[in-house]
Amino acid sequence: MPHPTAIVLLSGGLDSATAAAQAIADGYSIIALSFNYGQRHQRELAAAQAVAAHFAIADHHFIDVNLAQWGASSLTDLALPLPQDNLQDYSESGIPSTYVPGRNTVFIALALALAEAKGAIAVYLGINAVDYSGYPDCRPEYLAAFQQLAQLSSKAGLEGHAPKLVAPLVMDSKVDIVRRAVALGVPIEQTWSCYQGGAEPCGRCDSCRIRDRALIEAGYPELATTNPTQSESYLPNSPRAEPAPFNRH
């Protein structure tokens with residue numbers, strides 16, 4: 001009997017790779033969907049390809065959606081500085097500049113379109129509401145509202161079988177995500193979380209620091225970023241594997 005199909009939004013980061021692994025563990029056949037949205041860290045797309053290859057996901061779609069053309073985010077506007085060297089709890093201090101207006105709304109809408117076209121019954125998302133971001137489009141109530149929209153806005157929904165939006169990590173801490181990733185066999189060293197667009201992770205941006213702290217607290221310091229500007233507790237000795245350059249099929 002064939003496995004049911006799920007769409008996975010695969011950015012190439014740790015969270016999306018873990019969501020993909022969870023979908024596979026849940027018994028789904030996977031179609032991966034990645035976006036080039038004008039992000040300064042397009043290196044993550046090469047990581048997405050590496051993760052898809054690791055899990056033998058043959059059906060992998062790349063879509064260009066240029067959210068950078070109107071800026072308003074430090075991830076898409078090179079004139080805006082990235083938050084770094086001062087990890088904050090944004091649940092207290094507000095939404096960080098790395099928030100990209102409308103990003104998840106656009107991505108989920110396209111994922112639902114692909115799901116309906118391909119007969120997928122679920123869409124897996126790596127969104128997380130716990131660790132630091134405060135992004136409005138990573139909250140359970142946002143996901144619930146979008147699920148209702150999926151039921152109202154599609155032929156599949158009107159027929160009573162809109163794809164289910166699944167966010168298995170939404171209430172996990174970053175340490176929980178690391179442990180889940182290890183248990184599910186995610187190639188953590190091939191994922192990319194750094195917000196900078198360099199050849200190596202910077203170790204200083206919020207994303208690197210959140211990831212590194214979680215890896216160290218979970219007991220995997222050898223997978224954390226090597227960066228001489230960090231405190232000694234953040235200096236692992238293991239080199240980071242290099243994903244191949246992004247190559248659109």
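For His3 and Tyr28, the ring centers sit 6.0 Å or farther from each other.
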>> Checking Val182 against Tyr220 for the side chain to side chain contact (heavy atoms under 4.5 Å, CB included) test, could you report, in this order, the C-alpha distance in whole Å, the side-chain angles of both residues, the deciding distance, and whether it holds?
In response: CA-CA 10 Å; Val182 171; Tyr220 301 95; 3.4 Å; yes
>> Set out, in order, the CA-CA distance, both residues' side-chain angles and the distance that settles side chain to side chain contact (heavy atoms under 4.5 Å, CB included) for Asn36 and Phe62, then state yes or no.
In response: CA-CA 7 Å; Asn36 176 8; Phe62 291 87; over 6 Å; no
>> Apply side chain to side chain contact (heavy atoms under 4.5 Å, CB included) to residues Ile63 and Phe107 and explain how you reach the verdict.
In response: CA-CA 10 Å; Ile63 297 180; Phe107 289 2; over 6 Å; no
>> Between Val51 and His60, is the side chain to side chain contact (heavy atoms under 4.5 Å, CB included) condition met? List the steps.
In response: CA-CA 11 Å; Val51 170; His60 189 181; over 6 Å; no
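Within the 3.5 Å criterion, the main-chain N or O of Gly102 finds no donor-acceptor partner in the side chain of Asp137. Checking side-chain atoms of Gln196 against main-chain N and O of Cys205 turns up no donor-acceptor pair under 3.5 Å. Counting only distance, with no hydrogens or angles, the side chain of His54 and the backbone of Gly185 share a donor-acceptor pair below 3.5 Å. Listed for the Arg180 side chain is a donor-acceptor partner under 3.5 Å among the backbone atoms of Pro168. A donor-acceptor contact shorter than 3.5 Å is absent between the side chain of Arg209 and the backbone of Gln84. A donor-acceptor contact shorter than 3.5 Å is absent between the side chain of Gln151 and the backbone of Phe146. Here the side chain of Asn128 pairs a donor or acceptor atom with the backbone of Leu169 at under 3.5 angstrom. Ser16 places no side-chain N or O within donor-acceptor distance of the main-chain N or O of Gly126, the cut-off being under 3.5 Å. In this structure, the side chain of Arg40 engages the main chain of Asp77 through a donor-acceptor pair within 3.5 Å.
Scanning all heavy atoms of the two residues, the minimum distance from His61 to Lys118 falls at NE2-CE, 4.1 Å. Across Ala224 and Ile216, no two heavy atoms sit closer than the pair CB-CG1, 4.3 Å. Considering every non-hydrogen atom in both Gly38 and Ala68, the closest pair reads O-CB, 3.7 Å. Pro163 and Ala156 get closest at one heavy-atom pair: CD-CB, 4.5 Å. When all heavy atoms of Tyr142 and Pro136 are compared, the closest pair comes out as CB-O, 3.7 Å. Of all non-hydrogen atoms in Cys208 and Thr225, the two that sit nearest each other are SG-OG1, 4.4 Å.
You'll find the side chain of Leu143 stays beyond 4.5 Å of the side chain of Val170, heavy atoms only. Contact annotation: the side chain of Leu215 approaches that of Ile188 to within less than 4.5 Å [non-hydrogen atoms, C-beta and beyond]. A heavy-atom distance below 4.5 Å is found between the side chains of Phe55 and Val186. Contact annotation: the side chain of Leu184 approaches that of Gln22 to within less than 4.5 Å [non-hydrogen atoms, C-beta and beyond]. Side-chain contact between Thr98 and Asp206: absent, with no pair of heavy atoms (C-beta onward) separated by less than 4.5 Å.
Between the OG atom in Ser97 and the CG atom in Leu75 there is a gap of 7.5 Å [rounded to 0.5 Å]. For the atom pair CD1 (Ile57) and OG (Ser29), the distance works out to 9.0 Å, reported to the nearest 0.5 Å. A distance of 9.0 Å separates OG in Ser207 from CD in Glu44, rounded to the nearest 0.5 Å. How far CD of Gln42 is from CH2 of Trp192: 12.5 Å, rounded to the nearest 0.5 Å. Put simply, CG on Leu152 and CG on Leu158 are 7.5 Å apart, with the number rounded to the nearest 0.5 Å. Note that CG of Leu10 is 11.0 Å distant from CZ of Phe35, once rounded to the nearest 0.5 Å.
Residues Thr18 and Asp15 have side chains that never bring a donor and an acceptor to within less than 3.5 angstrom of each other. Looking at Gln39 and His41, their side chains never bring a donor and an acceptor atom within 3.5 Å of each other. Between the side chains of Asp26 and Tyr124, a donor-acceptor pair is found at a separation under 3.5 Å. With 3.5 Å as the limit, one finds no donor-acceptor pair spanning the side chains of Ser73 and Arg103.
Following chains of ILVMFWY side-chain contacts shorter than 4.5 Å, one cannot reach Leu78 starting from Leu82, and the two form parts of different hydrophobic clusters.
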